[in-house]
Number of protein chains: 2
Amino acid sequence: MASTVLPLHPSQGSTCGKCPRNELCYARFLSYAKSVEQLDFQVSNRILHRGDHVFYSGQAFSALYMVRSGHVKTVMVTEDGEEQITGFSCPGDSLGADGLASGHYAVDAVALGTASICTLNFEHLLRNTARKEELQRLMLSMLSETILNNEELLLTLGKLDAQQRMATFLLKQSSAQQRNGCSPVSFTLPMSRADIGNHLNLAVETVSRLLTQFRQRGLIKFNRNDIEWLDIDTLTDLTNRREYATAAPLVTNNFLAHG
Amino acid sequence: MASTVLPLHPSQGSTCGKCPRNELCYARFLSYAKSVEQLDFQVSNRILHRGDHVFYSGQAFSALYMVRSGHVKTVMVTEDGEEQITGFSCPGDSLGADGLASGHYAVDAVALGTASICTLNFEHLLRNTARKEELQRLMLSMLSETILNNEELLLTLGKLDAQQRMATFLLKQSSAQQRNGCSPVSFTLPMSRADIGNHLNLAVETVSRLLTQFRQRGLIKFNRNDIEWLDIDTLTDLTNRREYATAAPLVTNNFLAHG
DNA sequence: GGAAACGGTTGATCCAGGTCAACCGGGGAG
DNA sequence: CTCCCCGGTTGACCTGGATCAACCGTTTCC
């Protein structure tokens with residue numbers, strides 16, 4: 001569990017103003033502030049590697065976290081040790097809000113690979129006097145986004161079948177990449193098939209079959225976890241519940257018949 | 001859509017100090033404030049009836065809401081009109097936080113029966129100067145609770161089978177009743193079988209069968225939606241993943257054989 | 001009062017996706 | 001270099017719960 005604290009200048013605020021990723025981190029919140037500088041507050045940063053924990057389930061709440069680079073999964077665990085991945089976080093996403101009310105984090109947050117994580121000490125945030133209202137709105141907005149994400153996931157898991165979930169997932173990864181300034185049709189999936197399956201409530205085998213199916217249909221190209229191309233339009237069609245099965249050549253069944 | 005605004009005394013804060021349910025509303029947040037009076041702020045109240053909306057999906061965000069009495073369901077809708085109930089709210093629960101980040105509510109909030117709903121104007125909340133920090137913590141805590149609830153629901157839906165979900169749901173309703181000062185073993189389910197099924201990702205028929213099964217096993221007594229008795233201990237056992245099928249007489253299959 | 005609509009229950013059947021099993025290829029350790 | 005392990009893929013089979021269908025009691029509305 002490697003941890004590095006970047007040099008800070010407490011009296012001058014944090015290093016956020018100079019962070020090369022600050023637009024990613026704050027882009028969605030800038031409507032609440034005139035400039036990034038107004039949001040400066042004490043922040044420390046550390047580098048994690050694959051499997052390292054940002055925080056543990058049950059650990060005392062002390063800070064909110066932002067992903068500066070890399071990817072993180074949040075995992076909730078049942079009494080008997082069964083794991084459920086409640087979300088994947090990418091640069092600009094916040095972590096840890098679920099621990100605020102109870103005083104203890106409710107999930108494990110685990111790095112999927114090398115990741116840079118910013119720690120926002122919660123008491124510092126609350127006591128920050130400059131631009132207090134902007135900060136307040138920022139925090140509320142961060143939590144609100146988390147709520148929205150979870151509700152959308154509930155909708156996805158509740159109303160979509162395996163194929164639709166997989167298409168939805170790929171598109172979500174794609175737009176996350178795009179938001180971070182990368183290509184939306186060429187990127188690397190940071191998580192394993194098992195993680196995807198766990199997150200989408202599907203067996204690993206189903207995930208694998210669907211990816212293969214999508215490839216055979218020409219909707220994606222990939223090698224291992226490297227997505228090389230992705231037919232966003234058709235995948236978007238797939239995420240909508242069918243019924244109009246005539247309109248698009250979905251060929252739900254026996255699509256392999258004349259492969 | 002009946003709506004009543006209770007008399008307010010803006011200059012003196014709201015009516016919360018005199019609200020007979022304020023303990024329910026704030027009990028979980030009192031660690032953040034010395035007394036309920038410190039949390040007073042402008043609040044209006046209205047009475048809704050079965051099917052009335054607290055707010056609509058897509059409607060511009062302007063306020064957070066608290067359930068003073070009655071019950072509310074939050075429903076997210078897919079593009080093609082499919083509905084997913086993301087949660088049920090009872091007295092003391094907050095509503096509307098998912099609209100804060102985007103500026104538009106993401107779900108429909110619909111009264112399950114007659115309900116009294118308090119409206120907390122968001123800009124008023126932010127501009128409230130007395131006890132600003134307590135209010136800030138209160139709001140963050142409210143949002144954090146919502147996040148936690150959704151994550152627990154994701155775990156329930158992702159890792160538990162139909163029977164376990166149903167047991168979990170009944171216990172959750174039971175403890176919600178208890179929290180509101182009512183009997184945890186004798187209460188009325190405010191929602192239909194269809195709503196329960198939608199919420200738990202189960203067919204109505206499955207919900208009905210499981211309730212009947214529980215009754216036949218002597219775990220609950222009910223008539224229509226009136227729960228008259230509920231074996232909390234055994235139901236709690238049921239919520240845990242089995243495997244130790246020998247320890248408890250779960251009799252998962254053919255339990256009807258010698259009924 | 002009758003009928004129609006609605007919520008709930010129960011039985012019979014079906015299927016999407018889980019489970020089990022075999023296999024494959026790459027990468028790390030010795 | 002070889003071996004082993006792990007993540008991924010593919011095939012065959014199985015099952016939990018959905019779907020379809022019939023029916024019943026209540027409520028609501030002519």
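Here the structure is a predicted model, which means the values were calculated and not measured. Naming: A, B, ... by sequence-line order, numbering from 1 per chain.
Taking atom CG of residue B:Leu211 and atom P of nucleotide C:dG7, one finds them 16 Å apart after rounding to whole Å. The nearest whole Å value for the distance from the CE atom in A:Met166 to the P atom in D:dG8 is 11 Å. In this structure, A:Arg224 places its CZ atom 9 Å from C1' of D:dC6, rounding to the nearest Å. Distance, A:Gln213 CD to D:dG8 C1': 17 Å, rounded to whole Å. Separating the CD atom of A:Gln164 from the C1' atom of C:dA16 is a distance of 12 Å, rounded to the nearest angstrom.
Direction of the helix axis in the helix from C:dG1-D:dC30 to C:dG30-D:dC1 shifts by 40° between the two five-pair termini, rounded to 10°.
The side chain of A:Asn225 places an N or O atom within less than 4.0 Å of a non-bridging phosphate oxygen (OP1 or OP2) of D:dG8. In terms of phosphate contacts, A:Ser192 brings no side-chain nitrogen or oxygen within less than 4.0 Å of OP1 or OP2 of D:dG7. In this model, the phosphate group of C:dT10 is approached by a side-chain N or O of B:Thr212 to a distance below 4.0 Å at OP1 or OP2.
Looking at A:Arg209, its side chain has no donor and acceptor atom pair within 3.5 Å of the base of C:dG18.
Contacts between residues 196-203 of chain B and DNA chain D, defined by a heavy-atom separation below 4.0 Å, involve B:Asn201, B:Leu202, B:Ala203, listed by number.
Take A:Ser102 and apply the side-chain contact (heavy atoms from CB on, under 4.5 Å) test, not counting sequence neighbours, and it matches A:His104.
No contact: B:Asp195 has no heavy atom under 4.0 Å from any strand.
Using a 4.5 Å heavy-atom cutoff, the side chains of B:Leu153 and A:Leu154 are in contact. Contact of the B:His199 side chain with the B:Thr86 side chain is not registered, since no non-hydrogen atoms from C-beta on lie closer than 4.5 Å.
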